[in-house]
Peer 1: 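Here it is, the structure, as structure tokens.
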There are 2 protein chains.
Amino acid sequence: MSPRPAVRPGGRSARVQESVHQAVRALQAEQAALTVPLVAARAGVTPSTVYRRWGDLKELLSDVAVERLRPEAPPADHGSLRADLEHWAAGFLEEMSSGPGRSYVRDTLAGDPDGSNAGQCSAYAREQVETVLARAVQRGEHVPDVDTVMDHVVAPMMYRALFRPGPLDAGHARDLVATVLYRLMPLP
Amino acid sequence: MSPRPAVRPGGRSARVQESVHQAVRALQAEQAALTVPLVAARAGVTPSTVYRRWGDLKELLSDVAVERLRPEAPPADHGSLRADLEHWAAGFLEEMSSGPGRSYVRDTLAGDPDGSNAGQCSAYAREQVETVLARAVQRGEHVPDVDTVMDHVVAPMMYRALFRPGPLDAGHARDLVATVLYRLMPLP
DNA sequence: CGACTAACGCAAAGAAGATGCTTTTAGCTC
DNA sequence: GAGCTAAAAGCATCTTCTTTGCGTTAGTCG
């Protein structure tokens, strides 16, 4: 969340921010070296503008990364809580354990002095889970607590993505969902 | 892990590495600005030495951070699996959610291109858990799988420490342990 | 529509990072 | 344990990034 003062969000400021973010994404896509002067040049902006608004490259990367982690759509409806959760969890694990996904999460954490971007990242996942659970409630299903899902489905996947090298087993997502639904569900 | 080539671990190299690590810790303790030249000066070494061995500041910080995350002693023995796990988990949460602890974990992740330091960080926790479980087996207790504990106790705590701002509830650690022991234990 | 001010551009100064070459010294062989 | 080899550290220099003061532009509000 940190265009530093976050004031004056309209007009030129907004254009500059968008232009700079876009420049970062472009350079990342090209595997190019990533420095403030290069980003600024690509964005058609002077370096000092970037330094003044973001402080340093890490914070800029954190802002760009958290933006990329924003879900593009609510989780698909597969007709049941279990199916919804399994599909969403599989997709989440896929994204977070991919090369780019790992980078985005690490960038988010790295350039985030006050933890607000990390919080936002977690909030995105939480919203998705809440959507799935709310839908299940509408169906009359018995659902677990959001925090239970965060602790026992989201957290284990994120932990493995961050702390374990190597590709992740997709079956793991399914197992975690099954564990929550059939062993951790509060009594009806 | 990564003094770049990691070769020649004796003599001068070792002294330089220790001296540089110590300089980083000293500057961190003083809240001083942290740059390679400053660290080098404090360590009585030329900056180019640091650049050649660690590549950049982030990697150096990662190495120092993972070093600080190494447990100093095996978990205390409190006479039962539950007590051992609860105490260890409480301590772990305390450490990871403290200001410095959070920084160490973030530094570890940030300057770790190949994920080896992150892996080491996770391995430390895993060793501690294994020690607790092995002791319980010796006592004849029925114990959960290490991976189950990692997924449902360690991961949730780490997730909250990293992604949620604000202090953490110590009772949470206890709850997670109870959940694993009484709801997720594989049948005897 | 005019004053106010946040945000940007520009340029210069200061600090950090990179690199070729030399010197030291750990580790190995005989 | 003396000499050889090459890894690692020192040194000097050059490049690049970062910071900062000041003038200008352009949203915003009365």
Side-chain angles (χ1 to χ4, degrees), chain A residues 1-28 30-65 67 107 110-113, chain B residues 1-28 30-65 67 107 110-113:
Chain A
M1 208 98 324
S2 41
R4 286 306 234 343
V7 224
R8 207 171 269 203
R12 186 164 65 163
S13 287
R15 282 198 305 277
V16 167
Q17 162 154 343
E18 178 47 32
S19 173
V20 169
H21 277 215
Q22 201 175 324
V24 169
R25 291 191 293 266
L27 291 172
Q28 284 177 333
E30 300 169 14
Q31 312 266 355
L34 222 53
T35 70
V36 171
L38 286 175
V39 170
R42 175 70 66 105
V45 159
T46 60
S48 64
T49 295
V50 175
Y51 287 118
R52 279 199 241 262
R53 276 193 53 157
W54 283 276
D56 63 12
L57 183 64
K58 284 189 326 192
E59 293 190 38
L60 169 57
L61 292 184
S62 179
D63 286 355
V64 172
E67 202 59 30
D107 287 349
D112 189 26
Chain B
M1 220 101 284
S2 44
R4 286 308 234 344
V7 225
R8 205 173 270 203
R12 185 165 65 161
S13 286
R15 282 199 304 277
V16 168
Q17 161 152 343
E18 178 47 32
S19 172
V20 169
H21 277 215
Q22 200 174 323
V24 169
R25 291 191 293 268
L27 291 173
Q28 284 177 333
E30 299 168 15
Q31 311 267 355
L34 223 51
T35 71
V36 171
L38 287 176
V39 170
R42 175 70 66 105
V45 159
T46 61
S48 64
T49 295
V50 174
Y51 288 120
R52 280 201 240 264
R53 276 192 54 158
W54 284 276
D56 64 10
L57 184 65
K58 284 189 326 194
E59 294 191 37
L60 170 57
L61 292 184
S62 179
D63 286 355
V64 173
E67 202 59 30
D107 287 348
D112 189 25

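The sequence lines fix the lettering, A, B, ..., with proteins before strands; numbering per chain opens at 1. Computed from a predicted model, the values in this text were never measured in an experiment.
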Peer 1: Which pair of non-hydrogen atoms, one from A:E59 and one from A:P113, has the smallest distance, and what is that distance?
Peer 2: OE2-CG, 3.9 Å

Peer 1: Going by an N to O cut-off under 4.0 Å, is there a salt bridge joining A:E18 and A:R25?
Peer 2: yes

Peer 1: Between A:R12 and D:dT25, is there a contact of a side-chain N or O with OP1 or OP2 at under 4.0 Å?
Peer 2: no

Peer 1: Between B:R42 and B:E30, is the closest basic N to carboxylate O distance under 4.0 Å?
Peer 2: yes

Peer 1: Tell me: CZ of B:R53 to C1' of C:dA26, nearest whole Å?
Peer 2: 13 Å

Peer 1: Looking at D:dG27, I'd like to know if its phosphate oxygens (OP1 or OP2) sit under 4.0 Å from a side-chain N or O belonging to A:R15.
Peer 2: yes

Peer 1: Is any side-chain heavy atom of B:H21 less than 4.5 Å from a side-chain heavy atom of B:L60?
Peer 2: yes

Peer 1: Does B:R52 have a side-chain nitrogen or oxygen under 4.0 Å from the phosphate oxygens OP1 or OP2 of D:dA8?
Peer 2: no

Peer 1: Donor-acceptor check, side chain of A:D107 to backbone of A:A110, threshold 3.5 angstrom: yes or no?
Peer 2: no

Peer 1: Both B:V16 and A:L57 contact DNA chain D. Which one's nearest nucleotide lies toward the 5' end?
Peer 2: B:V16

Peer 1: Given atom CG of B:D56 and atom P of C:dT19, what is their separation to the nearest angstrom?
Peer 2: 13 Å

Peer 1: Would you say the side-chain atoms of A:R53 pair up with the backbone N or O of A:S13, donor to acceptor, closer than 3.5 Å?
Peer 2: yes

Peer 1: Without decimals, in angstroms, what is the distance between B:W54 CH2 and C:dA18 C1'?
Peer 2: 17 Å

Peer 1: Can you find a side chain N or O atom of B:T46 that sits less than 4.0 Å from OP1 or OP2 on D:dG10?
Peer 2: yes

Peer 1: Contacts to DNA chain D from residues 31-44 of chain B, heavy-atom cutoff under 4.0 Å, which residues?
Peer 2: B:G44

Peer 1: For B:S48 and D:dG10, is the shortest distance between a side-chain N/O and OP1 or OP2 below 4.0 Å?
Peer 2: no

Peer 1: Hey, could you give me the CD/OG distance between B:E67 and B:S62, rounded to the nearest 0.5 Å?
Peer 2: 11.0 Å

Peer 1: Taking all non-hydrogen atoms of both residues into account, name the closest pair between B:S19 and B:A43 and its distance.
Peer 2: OG-O, 2.9 Å

Peer 1: Bend angle of the helix from C:dC1-D:dG30 to C:dC30-D:dG1 from five-pair axes at both ends, rounded to 10°?
Peer 2: 50°

Peer 1: Among B:V24, B:L61, B:V64, which residue satisfies the side-chain contact (heavy atoms from CB on, under 4.5 Å) criterion with B:V39?
Peer 2: B:V24

Peer 1: Phosphate oxygens OP1/OP2 of D:dA8: is one of them under 4.0 Å from a side-chain N or O of B:S13?
Peer 2: no

